[in-house]
Amino acid sequence: MTKRKIILLHILLFLVLTAVLFFYSERLLNIFAPGYHDVFMWLNLIIYGTIGILILTIISCFVFIRKR
């Protein structure tokens with residue numbers, strides 16, 4: 001696999017995981033914080049979850065590129 005394919009695959013993976021987080025974040029809040037329906041909690045979950053996914057995706061991309 002070329003570097004370009006690895007990077008594109010990781011970008012696609014980041015976009016998919018972020019979309020899944022966005023659509024399932026309300027369900028996650030209902031499971032882990034039942035009874036609290038606060039917009040700020042939802043926004044924090046989206047923001048910090050996206051940052052976490054980005055960091056993990058970047059680390060994975062670097063590992064795959066170094067293995068190549």
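Heavy atoms only: backbone and side chains are in, while hydrogens, waters and symmetry mates are out. Numbering of residues begins at 1 and proceeds along the displayed sequence.
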Table please: side-chain donor-acceptor pairs of residues 2-9 below 3.5 Å, with sequence neighbours left out.
residue	atom	partner	partner atom	Å
Thr2	OG1	Lys5	N	3.4

Problem - Reported OG1-to-CG distance for the pair Thr18 and Leu13, which is rounded to 0.5 angstrom - result: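 Answer rounded to 0.5 Å: 9.0 Å.
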Problem - Distance, nearest 0.5 Å, that separates CG of Leu17 from CG of Leu12 - result: 9.5 Å
Exercise for the section: State whether the number of non-hydrogen atoms from other residues, nucleotides or ligands found under 6.0 Å of Phe14 atom CZ is greater than 12. Expected result: yes
[X]-[Y] co-clustered via ILVMFWY side chain contacts under 4.5 Å:
X     : Y     : value
Ile55 : Leu21 : no
Leu56 : Phe22 : no
Ile11 : Phe64 : yes
Ile31 : Leu29 : yes

Completion exercise
In short, Ser60 meets His10 closest at the heavy-atom pair OG-NE2, 2.9 Å
Exercise for the section: Show your working on side chain to side chain contact (heavy atoms under 4.5 Å, CB included) between Thr50 and Leu54 and close with a plain yes or no. Expected result: CA-CA 6 Å; Thr50 303; Leu54 178 66; 5.5 Å; no
Which donor-acceptor pairs under 3.5 Å do side chains of residues 38-48 form with protein atoms, sequence neighbours excluded?
residue	atom	partner	partner atom	Å
Trp42	NE1	Ser25	OG	2.5
Asn44	ND2	Phe40	O	3.2

